[in-house]
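In what follows, a single structure is set out as structure tokens and then discussed.
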Protein chains: 2
Amino acid sequence: MARERKFSNEELFQTVKKMLLQHGYEGFHFGLLAEQLDISRGALYKYYENKDELITDFMLYEMQIFIGDLAQIENQGDFEAQFDFLMKLIFDKAEVHQLITVVKQMGSSSNEKAKENKEQLEKLPLEMYRYLQNFISFGKREGKLKEHIPDSVILGLIFQSIAIPNHFGLPKGVWVNSIKEIISKGMFAHS
Amino acid sequence: MARERKFSNEELFQTVKKMLLQHGYEGFHFGLLAEQLDISRGALYKYYENKDELITDFMLYEMQIFIGDLAQIENQGDFEAQFDFLMKLIFDKAEVHQLITVVKQMGSSSNEKAKENKEQLEKLPLEMYRYLQNFISFGKREGKLKEHIPDSVILGLIFQSIAIPNHFGLPKGVWVNSIKEIISKGMFAHS
DNA sequence: ATTTAAAGTAACACTTGTGTCACTATAAAA
DNA sequence: TTTTATAGTGACACAAGTGTTACTTTAAAT
């Protein structure tokens, strides 16, 4: 009944991700995207009214995958296993984190659908927080995590650790293990 | 011999900083800047040929101040004092860190002066590294820092810690001390 | 008071991105 | 094979940023 599409949703979102990481929110535009997908700019308007609607839609997709993965933390057994799982997840999905800054750069957008998407997006951190809160409570309850450090600092530091630049190109294993060691036991030698 | 300027260099750079943090590299432009400074756009071209020349010039100014402050680390006495000094400096100058990402977004710019500035900028991390390398060597030599953790991970984690978002608005003292504790002694309770 | 050098302005031509629309292309249903 | 619904195109009018230039303003030197 209809003509075949020249690009899949999967292709579209992958290209959007690449473009956003490369050019940031303000440098991202339909011309660039259309060129990468080898279609005309006009074709994109068949699916999205504007940039913000497309970006929020993409972010929703990306975040839902991330949360789906995160949900698996509950099946990981003891606290150490959960900690390892979380660190692995974060390092495997390093880009998700940089993408979050993109949403913050969006103004109050013109389009209705984009606003809806944005509202949806704002709910997701709460959903994430549920899993992470459980993880931390579990750790504290078991006496594995220091009681007196605020949960938000623990979470913040874990999440931020993915953004540390590996300038000297250390092998990933060494890299991740070093970061895990500092976060869990500190960089100071035992006195 | 000449007319009075409507804006000082100090004012200019402060506004550039604000605009860059607010809009990012690609969203920053002369029109915006001129409006903020309450001058015409054309006036800016009396001083800078284009955006990249202005931004690199600003970054050079900003980084040189930071390095000047950092140099004081050598007068801080023992290792713990140096660590405290470094953490305080980093938290007081949190913006400098976000600004570094701006330089990475610049393409190979059109203008000669901008290229020169960029080359200068690329030399600065090495100058910073000298101070930080000394700090870490000192710490390891004194047996205060773990020998087996690569220097680049230690530095990376310290610098990255400033970007942790204080979503829940913890008081700055609690906030910084918590982060310092994790970095130095870890978030795991002593077994 | 006149001159002068630098500061600032405003308009122009140019470039790049936006959103729309009449149009063509194509795969499947009838 | 004709119809039809959807995919995709290309051109148009518009909006926003760039870089230049002829012009005006102003404070200090003569």
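In this text, all values refer to a predicted model and were calculated from it rather than measured experimentally. So that the names make sense, note that chain A is the first sequence line, chain B the second, and so on, each numbered from 1.
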Discussion item. Side chain of Ile39(B), heavy atoms from C-beta onward: which of dG8(D), dT9(C), dT20(C) has the nearest atom to it?
Written reply: dT9(C)

Discussion item. What's the closest nucleotide to the side chain of Asn50(B) if the choices are dA27(D), dG8(D), dG19(D)?
Written reply: dG19(D)

Item to complete: Ignoring the backbone of Phe30(A), work out which of dA25(C), dT18(C), dT26(D) is nearest its side chain.
Response: dT18(C)

Discussion item. From CG of Leu44(B) over to P of dA10(C), roughly how many Å is that when rounded to an integer?
Written reply: 14 Å

Discussion item. With a 3.5 Å cut-off and heavy atoms only, can you find an N or O donor on one side and an acceptor on the other between the side chain of Lys6(A) and the base of dG8(D)?
Written reply: no

Worksheet item: Is there a donor-acceptor contact under 3.5 Å linking the side chains of Glu53(A) and Asn117(A)?
Response: no

Item to complete: May I have the distance from Glu35(A) (atom CD) to dT18(C) (atom P), rounded to whole angstrom?
Response: 13 Å

Worksheet item: Is it the case that one hydrophobic cluster holds both Met63(B) and Ile65(B), taking links as side-chain heavy atoms less than 4.5 Å apart, direct or via other members?
Response: yes

Discussion item. Can you list, in residue-number order, the parts of residues 21-29 of chain A that come under 4.0 Å of DNA chain C, counting heavy atoms only?
Written reply: His29(A)

Item to complete: Give the nucleotide from the list dG8(D), dT25(D), dA27(C) with an atom nearest to the side chain of Arg3(B).
Response: dT25(D)

Practice prompt. Examine dG17(D): is either OP1 or OP2 under 4.0 Å from a nitrogen or oxygen in the side chain of Lys51(B)? Give yes or no.
Written response: no

Practice prompt. Could you tell me whether a side-chain N or O of Lys185(A) sits under 3.5 Å from a main-chain N or O of Met187(B), the two making a donor and an acceptor?
Written response: no

Fill in: Residue pairs passing the ring pair (Phe, Tyr, Trp, His ring centres under 6.0 Å) test where at least one lies in residues 124-152 of chain A, sequence neighbours excluded
Phe79(A)-Phe135(A), Tyr129(A)-Phe168(B)

Practice prompt. Check Ser40(B) against Ala34(B) and note the closest heavy-atom contact, atom names and distance.
Written response: C-CB, 3.8 Å

Worksheet item: To the side chain of Tyr45(B), which of dG19(D), dA7(C), dG8(D) is closest?
Response: dG19(D)

Fill in: Heavy-atom closest contact (Gly27(A) atom, Leu32(A) atom, distance)
O-CD2, 3.9 Å

Worksheet item: Just how far, in rounded Å, is C1' of dT9(D) from CG of Asp38(A)?
Response: 13 Å

Fill in: Rounded distance (Å) that lies between atom P of dT9(C) and atom OH of Tyr47(B)
10 Å

Worksheet item: Any chance the rings of Phe7(A) and Tyr47(A) have centres within less than 6.0 Å?
Response: yes

Fill in: Spacing between Arg5(B) atom CZ and dG8(C) atom C1', to the nearest angstrom
11 Å

Worksheet, complete the sentence: Rounded to whole Å, CD of Glu49(A) lies from P of dG17(C) at a distance of 21 Å

Worksheet entry | Distance, rounded to the nearest Å, where Leu54(A) contributes CG and dG19(C) contributes C1' | 15 Å

Practice prompt. Among dT18(C), dG8(D), dA7(C), find the nucleotide with the atom closest to the side chain of Arg41(A).
Written response: dT18(C)

Item to complete: Using a heavy-atom cut-off of under 4.0 Å over every strand shown, decide if Tyr48(B) touches base, sugar-phosphate, or nothing.
Response: nothing

Worksheet entry | Separation of dA29(C) P from Glu4(A) CD (nearest whole Å) | 14 Å

